[in-house]
Every structure is written in structure tokens, then in C-alpha cells.
Amino acid sequence: MVKSGLIHAFLQLAFCAGDPTFLESVDIYFDKAAAIAATTPDILAQIKACNNILKVQFPLKCANGTVELIEAYRAQHSHHRLPVKGGIRMAPNVDADETMALAALMTFKCAVVDVPFGGAKGGIKIDPTKYSANEKEAIIRRYTSELVRKNFIGPSIDVPAPDYGTGPQEMAWIKDTFEHLQPNDINGSACVTGKPLEEGGIDGRQEATGLGVYFCLREFLNDEALVAKLGLTTGIKGKTFIVQGFGNVGRHTIDVKFAQGILELPCDVLIPAALETQIHSGNAGNIKAKIVAEAANGPVTPLAETMLEDNDVVILPDLLLNAGGVTVSYFEWLKNLNHIHFGRMSRRMEERGKTALIDALENQFGNGHRFSDEVRSQVVKGNTEVDFVWSGLEETMLLSWENVKRTSQGRNCNYRTAAYLIAIERIATCYRVSGIFP
Ligand SMILES: *[C@@H]1O[C@H](CO)[C@@H](O)[C@H](O)[C@H]1NC(C)=O
Ligand SMILES: *[C@@H]1O[C@H](CO)[C@@H](O)[C@H](O)[C@H]1NC(C)=O
């Protein structure tokens, strides 16, 4: 009697507890793929574990004379590839678990799009709207010097980027502080990505995540067999989109194509673009979209995923969908290491070659006709940096989507598990050749 009462109470507790935490969610998704991954338990345990987690606390002297203690983190999830990479966020709910969950997602995301980095993430536990620009600058500079002292930042070690609550300005402060403390590092500007253009940033980085979301959605919606199953016609045109969250990702997704709205309205595609665990067991039943496109990191809990799938909703997972940001960060890092921007050496040469070709065509076959100035300038135009960046991004997203789709069909699992499988098996290959694991 007592025993069954206890079991009953336990079940009720487990039931009422509802959704797991964000970190638990990432582990649940990982375990689901791990169960069917072609690798050993030893390697799986290594891939799952967060390697390093740094917590720092330092004083901030506020403009009004008071002193506040600031709490901040950097998690390095996996060093199978170096440097490790991941954004820094400023938000009041930052903690060690959230930072570790986001760092793990970075590891898997980089592996899915074949960007040769390990995963990391940073967080500063403040509400950025409550601090002046000068105070934020002091916080970022102090955080960066803490990272330098602990060897947690550098072009070949760990390379931060913007995330929720940070942007190009914060990245410029990080770069300046790093270069001040490490004056002999000729690659110093590659210590952080998402910088302003004039500080070594890359053209097109701001729009990259949103554009990556767009490329993936376009490919999915152009796949006749896949959209027919949802009772939709092919193509982006005529579909209704709702974007939740109007941060950098949402704004640039919209810039490229879509319109704004809220969470439970009828639509074809729902794009959660804000923070994690926004779609949970409490509201998943009310979602009326046919496709949920995860522009945010971890917006759907495992319980919500099951509920959505029971209602035949297709989920395009974060690991693939929002990987455009880190892909273009990778291009920025390469640009900084090369100390030259894309197109500088080739653009004029390309234009001259194409001009010679079009002149020759006119002379040989034109019979006195000439190409219009418009056609001529379209054909002749050499590639600028943003042309390289966006075509590289499109190539990356298309290949990765094809791979996720093929894996999902071949291994009979949803797109999220397929993305985790691709990541796990790619990372496992690195560990297999390391000689540590039997
Ligand atoms: C002083 O400024 C800080 C940061 O702007 C703020 O968080 C704090 O509440 C202020 N304290 C007082 C006493 O006004
Ligand atoms: C800078 O990066 C280049 C690779 O682009 C590397 O060969 C070189 O060793 C690096 N230099 C330093 C000082 O880290």
C-alpha cells in the first residue's frame, strides 16, 4: 500500500514536472540519436560530455558609484576540432546549465554543416537594457581579459561571436581588448567573429543566420514529395509564415522574405526565432502550423516535439536550420587568417577576362549587333565579398539539407535525429583516428 502510494506519488511528480530543462532536452535528443549511431559507447560518452566550463565573477563600477558583482561563463563542449566556437549572450537568466546546453548545440551544429570547429558558448548574467554603453563596454572588456588570463580565447583556441543581447559593437570591444593584451599575435583579429566590417568583419554576416533559414525552407518547400504529404503546394510563394521573436535572426529572415505574427495562429510555417524552450508541452497542442522551422536554438522541448509529430507537424531542427551564422563566421575567421578580403585579388582579373570574352562573341557572331549595357554589366561583373559569402552559404546549406534529408529517409528517423546522427558519426571519426579509443 505504502509502496504503491509512493509509486503513485512519484509518477505524479514526474508527470507534473512536465518538460525537462534545456540541458536535459539536449541530452534527450542526443541519446535518441546515440541509440542508433554507428560508434562505440566510450566515444559516445566523450562526445556527449562538456569538456570545460569556466565561471568568473568580477566587480563592475557603475556610473552612479555603486559596485556590482558580475557573473559570467564560458563553456567549451568539444575540442575534437580547434578552435572551439560559439556566441556570447547577455541575459538575466544566464547560468552554467544553459551555457553548456548551447555549447553542445554548437558542437553538433558545426559538425552538421561541416565547419571545422568544436562547440563553445559564453554568457554574461545581466539584463543589457539596464546598463549604459560605457558600463557594457567595461563588462565586455573585463570578461575578455578574464578569458585571456584563463587561455579561453584566441584565434586557434576559442573564438566567440554575437548571440542574444550582443552584436558587432561588443565583438569590436573583444577584439580590441584581445589585441591589446596579445600584441604579438598577428592573427589577433581572428579571436572573435561578427565584428563590424571596418574591424575585420565580413560582408553579409549580419544576415547570415536568417538567409540560412531561408535557403533551407526554400529547399524543403520545393521538394514535391515532402510538401505533398503536408497537403501543400511547392514553393515559398503563397505560404503564410509566422516569426516569433524579432531579434537579429528573425529580422533578417523577414528582410529576405517573410511577414511577422505570433505563436498559436494558423499558418503554414512557424519560425520560432527567440530563445530556447518556447514551444513546450503546455502550448504545443495549440500550434496550428504544418512546419516548425527552428531559427532559435532549442525552441522545442522533447515533449512538445512528440505532441507536434502526433499532429503531423514537420520540424526542421536548429542544428541545421540556424547554422548559417556559424558558417559565415567560419568565412570571417578564414578571411582574418588570410589577411585579405574575398575577391580582392580576382575581381578585376575576372572582369577583364569576361569583357574580352563578350567582346570576342560580339565580333565573331554579333553581325554588327551589340549586347545592351545592362546585359554586358551583368555578365562582366566580378564577384564581390558578399557574392562569395552568400554563394558559399547557399552551397553549405543545400549540401547539409540534402544530407539530413537522405539520412532521415535512410535511417528512418526525424530530421532532428538525422542531424544529431550526422554530427555524432562525423565527430566519432575524429576520435577513432585519435588513437585513444579502442
Ligand atoms: C546604479 O547603476 C546600476 C547600473 O546602471 C544599476 O543596476 C543600479 O540599480 C544603480 N543603483 C542605484 C542605487 O541607483
Ligand atoms: C597566423 O595564422 C597563420 C594561418 O593563416 C599561421 O600559419 C600562423 O602560424 C599564425 N601566426 C601566429 C603568430 O599565430
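All ligand and atom numbering here is 1-based and tracks the order in the structure.
- Residue pairs satisfying the salt bridge (charged side-chain N to carboxylate O under 4.0 Å, His left out) criterion with at least one member in residues 96-120, sequence neighbours excluded, are listed as follows: Arg89-Glu98.
- Between the side chains of Asn414 and Thr417, at least one donor-acceptor pair of N or O atoms lies under 3.5 Å.
- Residue Leu337 has at least one heavy-atom neighbour below 4.0 Å for each of these atoms of ligand 2: 2 (O), 5 (O).
- Sorted by first then second residue, the side chain to side chain donor-acceptor pair (under 3.5 Å) pairs that include residues 323-334, not counting sequence neighbours, are Thr193-Ser329, Lys195-Glu332, Arg205-Ser329.
- Looking at Lys175 and Glu170, no side-chain N of the basic residue comes within less than 4.0 Å of a carboxylate O on the acidic one, giving no salt bridge.
- Interface of Asn187 with ligand 2, defined as ligand atoms under 4.0 Å from a residue heavy atom, comprises 1 (C), 2 (O), 3 (C), 8 (C), 10 (C), 11 (N), 12 (C), 14 (O).
- A distance limit of 4.0 angstrom between heavy atoms and ligand 1 selects the residues Cys62, Asn64, Thr66, Glu68, Lys130, Tyr131, Glu135.
- Every residue meeting the ring pair (Phe, Tyr, Trp, His ring centres under 6.0 Å) condition with Phe437, not counting sequence neighbours, appears here in chain and number order: Tyr431.
- Between Tyr29 and Tyr420, the ring-plane angle classifies as tilted under the 30° and 60° cut-offs.
- The closest side-chain donor-acceptor pair between Asn322 and Asn297 falls under 3.5 angstrom.
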